[in-house]
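Structure, as structure tokens:
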Number of protein chains: 2
Amino acid sequence: MVVDGLDIFSKKVVAICGGVGGAKLALGLQQLLGPRLVVVVNVGDDFDHLGLRICPDLDTVIYTLARLSDETRGWGRANETWNFMRALRELGGEDWFALGDQDLALHVERTRRLAAGESLTSIIDSIRRRLGIEATILPVTDDVLRTKVETDVGILDFQRYFVEHRCAPRVHSISFEGADRARVGRGVYGALTSAELGAIVICPSNPYLSVDPILAVPELRAALRARRVPAVAVSPIIGGQAVKGPTAKIMSELAIEANSLTIATHYSGLIDGLVIDESDAAEAASLPVVTHVARTLMTDFASRVELARRTVAFATELG
Amino acid sequence: MVVDGLDIFSKKVVAICGGVGGAKLALGLQQLLGPRLVVVVNVGDDFDHLGLRICPDLDTVIYTLARLSDETRGWGRANETWNFMRALRELGGEDWFALGDQDLALHVERTRRLAAGESLTSIIDSIRRRLGIEATILPVTDDVLRTKVETDVGILDFQRYFVEHRCAPRVHSISFEGADRARVGRGVYGALTSAELGAIVICPSNPYLSVDPILAVPELRAALRARRVPAVAVSPIIGGQAVKGPTAKIMSELAIEANSLTIATHYSGLIDGLVIDESDAAEAASLPVVTHVARTLMTDFASRVELARRTVAFATELG
């Protein structure tokens, strides 16, 4: 495979993706690849709240790729209103998890369709089409896979830890309930083994909280290990720090050093190359994997597309 | 019992109530009686929609008694927003039943608590307290009781007939599924047989669609027949017409004449007196029940309180 943008960009790319950081790169990739992008998304954070199924990472990817996300707040929809929450509070309902009025439509509609027997994969696919999203969005599994955080106040569902407890409890370990029995969702295995596939990209989501639950699904991990195309990860570390607060705190509590070596080691055997930030360029030579140095902080749309372009071009070089 | 406003107003009143028209009188009664008012409400229109339990008449009573209702639209909450509905439409969801953003909180919270095993009676009681409603609001039953409309396009759930089909199909008959097996909800029988009870009022709701499902519950009907206090109905007929459109259409399709005699006959054995509108005063002499003539069109708060005052005073005279 020649180092030729046009060449690789005509092939498909599978992006493995968690929430906010990962979704930003996925948006850049979608801009380059359009319908040739397949995003495989974490469902470990999914939970039931007020009788509704909430899928935080899938929803962030959907809103980001549909250009509906709130860039300032970092989650949910732009131009959101909060009249449901205010009325719920009046009634004495549980209000620790903020649900916007528009956002609620996605949860209500998804819950209704799940209850009617439709798979999450099918629901997400029809919703992304309705919203005009070009990329295919696939939950890693339709089975129950739940990220549990063992903390000094007990074992918490991820969103309880993350939102209700604001990441305050000290984390001892993280586990993915159901992962060992989970099958990949329809389309995931086919995308990873497709003859049209050009590269696999692990997005700069939290490796421990957002990417690991995806990698914990046996069929997905096996397909990644048996890959016939280059796989590259984009490191979520910038200047020896995790971009988003909780990641740094959790890494420290788990006694994991926040540097590029940690990330390269974590993805060992699953990637052929690592994109690291220019502020960590000094580490490049000592890493046990081929590296590409780029500006990885994605502050605007152009920077997302540029990082996506560099990442795919880097993967091409490794082919 | 002397004809003395103060006397009867110190006793309890049970109001039997459907939606909008009934709720207006209930608001007037609450103004006079405060916590001495018990409103027994129709649940025949309740239905499940988008996975949520919707209780149109209970919600109308709640919003009306909490002074949260939209007076112009005639249903739902004032200052409502519709961002959920817009987003739901974007996703291709079912949008024939309009759910406001604030209104949705009541449905979501109720559905969650029902799923957790709490009774509708208990949920409604806690919600009316949260909203500062003085009157007790009781669903006639916690059991499943559903109004079915047999039409020329088949048997329809009431809300499907009323909202989705906009009352267009011709009605052949109305039935109340589950009514014969339904038990009255906690508090209903006690309220109807209480030594503190001074009167029973059947509100000017649609007799066939909103009051009949309540009367179809055997224990309620028996308690009403065995009453030891006066019961009066306020006729929903004004000037030989039903105030609200669909009532008139249904009465005509069921070959029921829209006049005070029809109402008096319909409630025969269950009431001791009938309040009729001043425009129907000429009928008074020929009715088989004691009548009181009043202005029954409740266009503002004062007219609701005035009709409530006259209705309770009339019941007192019959004691």
Side-chain angles (χ1 to χ4, degrees), chain A residues 47-54 58-59 62-63 66-69 76-95 97-118 122-133, chain B residues 47-54 58-59 62-63 66-69 76-95 97-118 122-133:
Chain A
F47 70 121
D48 290 311
H49 180 56
L50 304 175
L52 303 171
R53 174 70 50 83
I54 319 271
L58 278 166
D59 296 350
I62 286 171
Y63 292 147
R67 310 297 298 267
L68 292 171
S69 60
R77 291 184 62 151
N79 306 312
E80 189 57 284
T81 56
W82 306 94
N83 297 318
F84 167 81
M85 283 308 290
R86 208 183 49 235
L88 185 67
R89 225 168 276 128
E90 268 174 26
L91 301 179
E94 261 189 86
D95 66 350
F97 193 86
L99 293 168
D101 298 331
Q102 300 173 88
D103 183 37
L104 204 49
L106 181 47
H107 309 313
V108 167
E109 180 66 1
R110 172 168 46 217
T111 304
R112 182 190 71 74
R113 290 168 70 166
L114 284 170
E118 194 174 347
S122 162
I123 297 165
I124 295 296
D125 193 58
S126 106
I127 284 173
R128 69 99 183 161
R129 288 171 194 273
R130 288 285 308 194
L131 296 177
I133 295 171
Chain B
F47 70 119
D48 290 310
H49 180 57
L50 303 175
L52 303 171
R53 174 70 50 85
I54 318 272
L58 278 166
D59 296 352
I62 287 171
Y63 292 146
R67 311 295 299 266
L68 292 172
S69 60
R77 292 183 61 150
N79 305 311
E80 188 57 283
T81 56
W82 306 94
N83 297 316
F84 166 80
M85 284 308 291
R86 208 182 48 235
L88 185 67
R89 225 167 276 128
E90 268 175 27
L91 300 178
E94 259 189 88
D95 66 351
F97 193 85
L99 293 166
D101 298 332
Q102 300 173 89
D103 183 38
L104 204 49
L106 180 48
H107 309 312
V108 168
E109 180 66 1
R110 171 169 46 219
T111 304
R112 181 189 72 72
R113 291 168 70 165
L114 285 170
E118 194 174 347
S122 162
I123 296 166
I124 295 297
D125 193 58
S126 108
I127 283 172
R128 70 100 184 160
R129 287 171 193 274
R130 287 284 311 190
L131 296 178
I133 294 171

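Chain identifiers are assigned alphabetically (A, B, ...) following the order of the sequence lines, protein sequences preceding nucleic acid strands; residue numbering begins at 1 within each chain.
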Which residues pass the salt bridge (charged side-chain N to carboxylate O under 4.0 Å, His left out) test with A:Arg130, sequence neighbours left out?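 Residues passing salt bridge (charged side-chain N to carboxylate O under 4.0 Å, His left out) with A:Arg130: none at all.
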Does A:Asp101 have any salt bridge (charged side-chain N to carboxylate O under 4.0 Å, His left out) partners at least two apart in sequence or in another chain, and if so, which?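 A:Asp101 satisfies salt bridge (charged side-chain N to carboxylate O under 4.0 Å, His left out) with no residue once adjacent residues are dropped.
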If you measure from [atom1] on [X] to [atom2] on [Y], what distance do you get to the nearest 0.5 Å?
X	Y	atom1	atom2	result
A:Asn83	B:Glu80	CG	CD	7.0 Å
A:Glu90	B:Leu106	CD	CG	10.5 Å
B:Arg86	A:Thr81	CZ	OG1	7.5 Å

Relative to chain B, which segment of A:Leu99 carries a heavy atom at a distance below 4.5 Å: side chain, backbone, both, or neither?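 Neither the backbone nor the side chain of A:Leu99 comes within 4.5 Å of chain B.
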Heavy-atom cut-off 4.5 Å, strictly under: side chain, backbone, both or neither for A:Leu131 against chain B?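 The side chain, not the backbone.
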Looking at B:Gly93, B:Gly92, B:Ala115, B:Ala116, which has the largest count of heavy-atom pairs under 4.5 Å with chain A?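 Answer, by heavy-atom pair count under 4.5 Å with chain A: B:Gly92.
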So, for B:Ile127 and A:Leu91, which heavy atoms are closest and what is the spacing to 0.1 Å?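 That closest heavy-atom pairing would be CG2-CD2, 3.8 Å.
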If you take all heavy atoms of B:Ala105 and A:Leu88, which pair is closest and at what distance?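 Heavy-atom minimum between the residues: CB-N, 3.4 Å.
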With a 4.5 angstrom heavy-atom cut-off, is it the side chain or the backbone of B:Arg77 that approaches chain A, or both, or neither?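 Contact with chain A is through the side chain of B:Arg77 alone.
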